[in-house]
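Scroll down for the structure; my scribbles are underneath it.
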There are 2 protein chains.
Amino acid sequence: MGSEGHTDGTVGKALDILDMVARHDRPARFSELLASGPFPKATLYRFLQTLTNQGMLTYDADRGTYALGVRLVRLAHAAWSQSSLAPIALPYLDELAAETGETIHLAQMDQGQVLYVDKRNAARPVEMFAQAGKIGPAYCTGVGKAMLAFLPDEALDHALARQSFHRHTDHTLDTPARLKAELQAIRARGHAFDREEHEPGIICCAAPILTRSGRVIGALSVTSTTARTTLAALEERSGRIKQVAARIGAEAESWRFPEQG
Amino acid sequence: MGSEGHTDGTVGKALDILDMVARHDRPARFSELLASGPFPKATLYRFLQTLTNQGMLTYDADRGTYALGVRLVRLAHAAWSQSSLAPIALPYLDELAAETGETIHLAQMDQGQVLYVDKRNAARPVEMFAQAGKIGPAYCTGVGKAMLAFLPDEALDHALARQSFHRHTDHTLDTPARLKAELQAIRARGHAFDREEHEPGIICCAAPILTRSGRVIGALSVTSTTARTTLAALEERSGRIKQVAARIGAEAESWRFPEQG
DNA sequence: CCGTTTGGTTCCATTATGTGAAACTTAGTC
DNA sequence: GACTAAGTTTCACATAATGGAACCAAACGG
């Protein structure tokens, strides 16, 4: 939330430090971390020791820098496998990718942001962690808007409060009001577009993945470029996209579904 | 040394619990977790609350189960990007995959086990988290043996002590003695084979990725099947594999982060 | 229906643990 | 050789974790 409240005790602080290290997107020096957080020297030092000990961080003795550790990659693999969405969606994404020849994204909502959990890339052969786990804005991406549109009021407000509404392109919906109007349209038609709102030349058509009870558990998109296709052509696929999203939703529900953040 | 009993205080315990949840490969009930760890009810309960609060776990209210949370996926992405190996190796893997048409693995050593950090799959189009983050045994895989062979003595002993030496196939080197002999041969020729030691029909040729000072930072392999090729044919590629491994090693070592210009 | 078990949540006195200012030790600079 | 920045250790103190026990709520069973 805007005004950080609880630190959840010692564990919360340790996790905050992990985030601090993650935010600095290159390995960080002790002093950099000291500057970028509210922790006193000795405290920070002890935490870094503990986390390094635990394999959550790695310490490069030569450079005196800390980076996130491999234990996280291991845990994330388990998280992915346990997730009620990504493993189930896997074969469907393959199918859709083969069928469309376009880039496919699978995303979830995480703290008001879009978190990509899987991807099929039209152009290159494979990219793995390089792409999954990436986060993006919700208010100006297809998957983001598709999910926002089906969020219950309270959750929506919470999420909207976290959007930056930065004007990435001329098409970006850069006010809550404009976005809300768009969300209503999305709710009505059941799918969302990205009309070059995030990056120039990039367009997409996205559908939310819902449980039968109507809860959003993720979103699915087919992405392309204005050079290769048009929004109208993408919309022709919307029926199919929604069909796949519905199937994933149904299968995910019948299995197990974790509470969403 | 060996098996230190330390839990690294509160943070260590919290992380132990994450591991416990990860080990149960389906969402776990409170009682299951209670049974599978040394924690008293109240303590476990508090930890689960905190971790859920922090997004490291998700709680499914309907089923009363805990699973690993999305925050881990996010952190793992950052870990991958910050790593001095995987992002650097990316283009080389693409190149090698295109060139050989075979499956490529990139692995690191983690607690005596092989941790796969990237992959190019010959057959299917793409699998992301589904494959990366996976762990495997060191003593009976090409990448594992390639890394073990170049480990300093003390680290090798540590790693060997953690091997199960389970006899997966008739070809598995199932004693430390046999493995040590093999490691010497690997050291001599600079590359390792997997002669169907882990899975029948699966063979590979692997090379360690070393820094100039000789420290192992990972390994690279080209994997195939006995149906498609032979070990001799794979060995013909060994020169190229070692060349790529050497380039990755050199680049990983020389890479300085922006500020150091 | 009511006693009992199972599975989960809350209390709270006790003390182990984490805390952080300050002192200390390098390593680097002028 | 004095000065500064960066990292490490100490230690008196108080916060925060601990876990036994009590509690609650379903499900079970007789």
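Here the structure is a predicted model, which is why all the values come from computation and not from measurement. Residue numbering restarts at 1 for every chain, and letters A, B, ... go by the order of the sequence lines.
Between A/Trp80 and B/Leu72 the shortest side-chain heavy-atom distance does not fall below 4.5 Å. Counting heavy atoms from C-beta outward, A/Val143 and A/Tyr116 have side chains that approach closer than 4.5 Å.
Between A/Phe30 and A/Tyr66, the distance from one ring center to the other does not fall under 6.0 angstrom.
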Please tabulate the protein-to-nucleotide N/O contacts below 3.5 Å involving nucleotides 4-7 of chain D, giving atom names and distances.
unit_1	atom_1	unit_2	atom_2	d
D/dG7	OP2	A/Ser31	N	3.0
D/dG7	OP2	A/Ser31	OG	3.3
D/dG7	N7	A/Lys41	NZ	3.1
D/dG7	O6	A/Lys41	NZ	2.7

Kindly give the atom pairs (protein nitrogen or oxygen, nucleotide nitrogen or oxygen) under 3.5 Å for nucleotides 15-17 of chain D.
unit_1	atom_1	unit_2	atom_2	d
D/dA17	OP1	A/Thr10	N	2.8
D/dA17	OP1	A/Thr10	OG1	3.0

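Atoms OG1 and CG, on B/Thr65 and B/Asp60 in that order, are 4.0 Å from each other to the nearest 0.5 Å.
Within 6.0 Å of atom CZ in B/Arg215, 12 or fewer heavy atoms from other residues, nucleotides or ligands are found, so the atom counts as exposed in its surroundings.
Taking every heavy atom of both residues into account, B/Ala146 and B/Ile186 meet most closely at CA-CG2, 4.4 Å. Shown here for A/Lys242 and A/Gly190, the closest heavy-atom pair between the two residues is CD-O, 3.5 Å.
Partners of A/Thr52 by side-chain hydrogen bond (donor to acceptor under 3.5 Å, both in side chains), not counting sequence neighbours: none found. B/Asp19 meets the side-chain hydrogen bond (donor to acceptor under 3.5 Å, both in side chains) test with A/Arg71; sequence neighbours excluded. For B/Arg23, the salt bridge (Lys or Arg N to Asp or Glu O under 4.0 Å) test picks out no residue, with sequence neighbours left out.
Chain A approaches DNA chain C over the interval C/dG18 to C/dA21, counting the first and last nucleotide 5' to 3' with an atom under 4.0 Å from its heavy atoms.
What separates CD of B/Gln49 from C1' of D/dT18 is a distance of 16 Å, to the nearest Å.
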